[in-house]
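Read the structure below first, then the notes.
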2 protein chains.
Amino acid sequence: MSDHVHTTADLTKNQSLVMGALAKASGPLSAYTILDELRDHGFRAPLQVYRALDKLVEYGLVHRLESLNAFVACSHAECEGHGQTAFTICQSCGDVTELADDDLAVRLKSLAARSGFTVRHSTVELRGTCRDCAAG
Amino acid sequence: MSDHVHTTADLTKNQSLVMGALAKASGPLSAYTILDELRDHGFRAPLQVYRALDKLVEYGLVHRLESLNAFVACSHAECEGHGQTAFTICQSCGDVTELADDDLAVRLKSLAARSGFTVRHSTVELRGTCRDCAAG
DNA sequence: ATCGCACACGTTATACCATTACACAATCAT
DNA sequence: ATGATTGTGTAATGGTATAACGTGTGCGAT
C-alpha cells in the first residue's frame, strides 16, 4: 500500500468480497444481508463483515447510512476528497441517492464553528419521497 | 387532548416518566438505559420505553440521535415548529448540542428538490470535537 | 535468519437495540 | 351500551454490533 488513496485494487480478500456485494446491489445492504450473500464464499460470522466494512468506510469506498443501519458503495468513482455527502432516502420505494454539495459542507462546518465545534464527520440523511414515487 | 400541540402536561404516565428521565439527564440516553432507570417505577420491558419514545418524538419533545441509537430531550422550550434540527456530538466527551438554523432547513430542502425529492424529515449529526475538548 | 511487530483473519459468545404478537384496560363519540 | 381508538403489560423473538480469544502471514530491524 504505497499511499493513503485506496482503490478496489488494494483490498484484501474479505474487503473485496464485501465491496463486490455492495457494488452489485441496487441499494443499501445491512451487514447481515452481506453476510448471507457471502456464505458461499466462506463467510461465517458477522465480524468478518464488520471488519471489512470498517476499512471500506475508512477508505471512503463505502458509506454508512446511520438511519438505516445499512451500507452503500460510494457512487463516486473516487470518493476520497469530498468530505461531505448527503443522502436522500425514499420512504416509499427505499431508493437511496447520494448528493454531493461542497457548499453544504462549508455551511455545516461554519454553523458548528459558531459554537466552537470542529466537525470531523457529518451525517446528513434526508427522508421523504422521491420524484418517481411522488408522480406514481 | 384539545389540539395537536403537546406539552409535558398532556403526557400519559409512561410518557411523563420517560420524558422526566431524559429531561434530567445531562446527555442522550439509550432506550435500555431509560428502562433501567425506570424499573423502580414499574417499567419491566423495552416496549414500554419505545412506545413512550415514539410519541415523544412524534410530539417533538424528544429527538432521536441516529448515529448513537439514543434519545435526547429537545433543548427548546417549544420544539414544535422548527422543522430542522442539527446536532453536534463531541467524540471526546460525548456532549451533544442542538443547533437550530432555519436557513439550513431551506437549503437542504432545495438541494433535495433539485432531484425531485421531497423532504419529510432530515437527520443532521456532526461528529467532531467541542470547544472544551479542543482547548483541554 | 529470526525475532518482533502490525495486521488480517476465524470462531465463539455475548451485549445491545428494536419489534411482533397477544391480551387487557381506559377513554371517548355516537 | 357499543364500538373505535389509544395506552398498557408481558413474553418471545429478531436484528445489529462488539468483546475476547487465538491463528497465520508478511515484513522490517537487529
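Letters A, B, ... are given to chains in the order of the sequence lines, protein chains preceding strands, and every chain is numbered from 1.
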For the atom pair OG (S122(A)) and NZ (K109(A)), what is the distance rounded to the nearest 0.5 Å?
6.5 Å
Under 3.5 Å side-chain donor-acceptor pair for R127(B) and T123(A):
yes
Which nucleotide sits closest to the side chain of Y50(A): dA21(C), dT16(D), dT12(C)?
dT16(D)
Does T12(A) make a side-chain N or O approach to OP1 or OP2 of dC7(C) shorter than 4.0 Å?
no
For D10(A) and dC7(C), what is the distance between atoms CG and P respectively, to the nearest whole Å?
16 Å
Do the side-chain N or O atoms of K13(B) get closer than 4.0 angstrom to the phosphate oxygens (OP1, OP2) of dG7(D)?
no
Would you mind telling me which of dT16(D), dA19(D), dG9(D) lies closest to the side-chain atoms of L47(A)?
dA19(D)
Nearest heavy atoms of G128(A) and F117(B), plus distance in Å:
N-CZ, 3.3 Å
Taking OP1 and OP2 of dG10(C), is either one under 4.0 Å from a side-chain nitrogen or oxygen of Q48(A)?
yes
Have a look at L22(B) and tell me which of L61(B), V72(B), L17(B), L53(B) forms a side-chain contact (heavy atoms from CB on, under 4.5 Å) with it.
L53(B)
In whole angstroms, the gap separating P of dA6(C) from NZ of K55(A) amounts to 13 Å
Give the rounded distance in Å between these two atoms: CD of E66(B) and P of dC17(C).
14 Å
d(CG, L56(A); C1', dA8(C)) in whole Å:
13 Å
What is the minimum heavy-atom distance between H63(A) and C74(A), and which atoms define it?
NE2-SG, 3.3 Å
Of R51(A) and A45(B), the one whose nearest nucleotide on DNA chain D sits closer to the 5' end is A45(B)
How would you label the contact of R44(A) with the nucleic acid (heavy atoms, under 4.0 Å): base, sugar-phosphate, or nothing?
sugar-phosphate
Could you tell me how far apart E58(B) (CD) and dG7(D) (C1') are, to the nearest whole angstrom?
13 Å
In this structure, how many angstroms lie between the C1' atom of dT16(D) and the CG atom of L53(A), rounded?
12 Å
In whole angstrom, what separates L11(B)'s CG from dT8(D)'s P?
10 Å
Looking at dC17(C) and Y32(B): do their rings stack (centroid distance under 5.5 Å, interplanar angle under 30°)?
yes
Roughly how many Å is it from CG in L29(A) to C1' in dT16(D), rounded to a whole number?
15 Å
